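Naming convention: chains lettered A, B, ... in sequence-line order (proteins, then strands); numbering from 1 in each chain. Values in this document were obtained by computation on a predicted structure and should not be read as measured data.
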Number of protein chains: 2
Amino acid sequence: MGNGDINRYPAVSRVCTLKWERQVLRLIDQRSLPFKEMYVSCRSVENVAEAIKDMVVRGAPAIGVAAGYGIALAALQFKGKNKEKFIIHIDESIKLLSGARPTAINLFWALDRMRDVLDENKNLEIEKIREKLIEKAIEIEKQDLEINRKIGHHGKKLFKEVKGNIRILTHCNAGALATSGYGTALAVIRSLSAESKVANVIVDETRPFLQGARLTAWELYQEKIPFFIISDNMAGYFMSKGDVDAVLVGADRIASNGDTANKIGTLSLSILAEYYRIPFYVAAPISTIDMKIKSGDNIPIEYRDKREVREILGKVIIPDFMAVENPAFDVTPADKITAIITENGVVYPPYKKTLAKFLKMDKQGN
Amino acid sequence: MGNGDINRYPAVSRVCTLKWERQVLRLIDQRSLPFKEMYVSCRSVENVAEAIKDMVVRGAPAIGVAAGYGIALAALQFKGKNKEKFIIHIDESIKLLSGARPTAINLFWALDRMRDVLDENKNLEIEKIREKLIEKAIEIEKQDLEINRKIGHHGKKLFKEVKGNIRILTHCNAGALATSGYGTALAVIRSLSAESKVANVIVDETRPFLQGARLTAWELYQEKIPFFIISDNMAGYFMSKGDVDAVLVGADRIASNGDTANKIGTLSLSILAEYYRIPFYVAAPISTIDMKIKSGDNIPIEYRDKREVREILGKVIIPDFMAVENPAFDVTPADKITAIITENGVVYPPYKKTLAKFLKMDKQGN
C-alpha cells in the first residue's frame, strides 16, 4: 500500500508497530512514515540490532519489545545441539542488542528479562529453553500493551481539575508507534479524548527526525483528536500566550532521583513549563526507571549520525563541510517534573524517596 | 553562478544583500541561499513590497533599507507633472510598503524618514523631491553599514571578562544578510573574531525558514569563524553542559520598556539563558527601538504562510490536511535581556528608564 501519496496515509488502526510471525519479526519502517507504509522483516538478531540502530523501530518501550524478539530470533537461529554453545550464542546476542542504542533503559530491561529466562531454565533441553525465550518475548509485548492502557487510565486523573477542555503540548512520539500499541504520553491523551476532554494537542515537529510531525500527528489524525503541529522553537510562544494546560512527554530512562532522559528538546520544554507554571508530566512504564543510577548525570547520551541534522527526509539542508552536532537526548532535572505517570499509578516528588518506595510496593504486588 | 552545487557556495565577500543601480534595486534572493546565488531585480515599489513579503530580503535593518529604495523607485515610477498627484503616489507607496510585514519596526522607521523628506521638501519641484528621496534612501543604506560596525565595536567590550575564547549561541540570521552588510549580532561576533577571541559559534538552524543553517552558517563559514549548527531544540542541552558563554541575537522591534520581538524561538532561548545564568544580549540599531509602545504586548506578531512549516526547501514534510501554525516572531521580556547593544553604546536594565535616557542623549548628539 505504501505509494508515497501523502493523501493516502495508512490507517493507524491496522498498522502494527511490530508483529511476531513465528520465525520473523515484522517492523513497520518508522523512517518512511507517514508517507510510505513499508515493513522490514527481521529474521535474525543481527537484523533486529540493525533495525533498532537505524530507527526502523524507535521509542523506548518498542525498542524493548523488539529486543525481546531479537533474542527469540537468536534462539531460533541456533541450529546445534551443544547447550553450552547455545548459551554463549544467546549471551552474545544479548551483548549485540545491548550495543544498539545506549540511552533508553527499556532495551536493557527487556534483555535482562530474557537473560533471567535463560538463567532460570539452564537445566532444560535447548528446545525447551528456546520455547521459553519465545514465550517471554511474546509476554513482554502483551504486557506492554496492558501497561499502556493502565498509564492512560492513571494519567487522565491528573487533569480532573482543569476547567474546560484540555490543551496539551507533546514532544517526539510517545504513541502507539513508540510502544507495542496505544502509547505512553499518547495513552493519556487517548484516555482523555475518549471522554471528549481534549481541546487540542500541540505537536512539536521534533527535529531532527520529525517524530512529532510524522508519527504523533499521524496517530492523532487517525484518532480524530484535534491537534496542530509547530516548529520546536514555537513552544515557548504558545506557552506565553496561555495556550498550554500541560506538557506531556514519554521517557527513555528515569534515574532513581527522577531525572529523566527523553528526546532532545524535552529539557527546554521543562524549563519553559516551570517558568510559565505549566504542569510537566512524564508518562512511562516502570521498566523505564533505572534504580541503579543516582542521577541524570549517569545516563549516557547518544550522539547520532550527523546526517539526521543535515538532511530532512533525504533533502540536504546543510552540506557536509559545515559542522553540525546531533545529541539525540537530553536530561530533564527531577525538580521540573510535576508527576511521573506509570502503569501502577502516579508518582510525585520528591522522587528520590517516592520512586524507591513506589517500586518496593510494586514488587510486593500492590 | 547559481548552480545548485552545494560545494560551490558563492563567497559572502562578493555578495551584496542589496544593491542600488539607479533605476533598479537588486536583491540577493535569500530564499535560495546558500544553495543558489540568484538575484531579484525590483523596478517598482510593488516589486519591493513583494520581495519583503516573500522574504527575498529579510532581517529588520535590511527590510528598512529596502523600503527606502522602494520609495525611491516609487518616485522614479511617477511620470506626471502634477505635484499633488506625486505626493499622493508617494503616500500610497508608503502605505503599500507598510503593509508588507508587521513586526519589524525598521520598516516603519525607514518609511518615516522618507516621509520626512517628502514633508520637508514639498515646495520644491517634483524632480528635486525625487532626487532628495533617492539621496535619503542611499543615506539610510550607508548609515546602516556604519551603524553595524559601531555595534560590533561596542558589543565586543561586553566580553572583556570572559576567560579564554568565547562560545556564543545565536539564533536566526542577524548578519550581513539581515542588514546592508556586516550585521548586528554577527557584527559583534566579527569584531571578536578579528581579535581571535571566538572559540565557537553555536548556530540554531532556526526553523521554519532555516535562516541559521542557511544564512548565518554560510556567513561564518566564509569568515572562517568556527561554528556548528544544531536543531533549535538542542540549545538547552548545550547550555546545560556549560558550552555557552553568551546568547547573542538581533531584534525586530524593541518596546520602550525593553521587551524585544525577534525571530520565533528567541523567547525560549532567553528563558533558558536566565535559567542557566548565561548573559543574553540583543544587538540592534537604535532605529529598532519603538518608544511609541509601552511593552511587548503592543508588538503585532506576524503569522506567516503555513507552507513554511509544511515544507523544507520545497520538500513536503507535513501534508495540507494536517493543521500547523506559523507565528514568525515572539517577544522576549525585558527582564531576560542582560544588555542591548546599539551603535551609540550598550544599554542596561532597567530599560524603562535607561532607554528613554539613552535616546534623549542620542538626540542631543552625545
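In this structure, the portion of A:Tyr275 lying under 4.5 Å from any heavy atom of chain B is its side chain and not its backbone. Residue contact with chain B, scored on non-hydrogen atoms closer than 4.5 Å, involves the side chain of A:Asp232 exclusively. Proximity to chain A is absent for every atom of B:Pro226, based on heavy atoms less than 4.5 angstrom apart. The contact between A:Asn326 and chain B is made by backbone and side chain atoms together, counting heavy-atom distances below 4.5 Å. For a residue to count as touching a neighbouring chain, one of its non-hydrogen atoms must lie under 4.5 Å from one of that chain's; by this rule A:Leu210 touches chain B with the side chain only. Looking at A:Phe329, the atoms closer than 4.5 Å to chain B (heavy atoms on both sides) all sit in the backbone: N, CA, C or O.
Aromatic pair A:Phe321/B:Tyr221: ring centres closer than 6.0 Å.
Closest of all the heavy-atom pairs between A:Phe227 and B:Ala323 is O-CB, 3.3 Å. Minimum interatomic distance between B:Leu313 and A:Lys315 (heavy atoms only, all atoms of both residues): O-CE, 3.1 Å. Across A:Ile312 and B:Ile312, no two heavy atoms sit closer than the pair CD1-CD1, 2.9 Å. Residue A:Tyr237 comes nearest to B:Asp330 through the heavy atom pair CD1-CB, 3.8 Å, listed as atom of the first residue, atom of the second, then distance.
To the nearest 0.5 Å, atom CZ of residue A:Phe35 and atom CD1 of residue B:Ile317 are 7.5 Å apart. A distance of 5.5 Å separates CD1 in A:Ile264 from CE in B:Met234, rounded to the nearest 0.5 Å.
With sequence neighbours left out, the side-chain hydrogen bond (donor to acceptor under 3.5 Å, both in side chains) criterion links A:Thr266 to A:Asn262. Applying the side-chain hydrogen bond (donor to acceptor under 3.5 Å, both in side chains) test to B:Gln211 and every residue at least two apart in sequence or in another chain returns nothing.
Residues of residues 293-311 of chain A that come within less than 4.5 angstrom of chain B, heavy atom to heavy atom, are A:Ile301, A:Tyr303, A:Val309 in numerical order.
Listed by first then second residue, pairs satisfying side chain to side chain donor-acceptor pair (under 3.5 Å) with a partner in residues 250-259 of chain B read B:Arg253-B:Asp290, B:Asn257-B:Asp259, not counting sequence neighbours.
Interface check for chain B: of the options A:Thr206, A:Ile202, A:Leu272, A:Val331, the most heavy-atom pairs under 4.5 Å are formed by A:Leu272. The choice from B:Ala213, B:Pro208, B:Ala235, B:Gly314 that makes the most heavy-atom pairs within less than 4.5 Å of chain A is B:Pro208. In terms of heavy-atom pairs under 4.5 Å with chain B, the best-connected choice from A:Pro333, A:Ser231, A:Gly236 is A:Ser231.
For the pair A:Ser240 and B:Leu267, the minimum side-chain heavy-atom distance is below 4.5 Å. Side chains of A:Met322 and B:Ile229 form a contact here, defined as non-hydrogen atoms less than 4.5 Å apart.
Between the side chain of A:Asn233 and the main chain of B:Arg207, a donor-acceptor pair closer than 3.5 Å is present.
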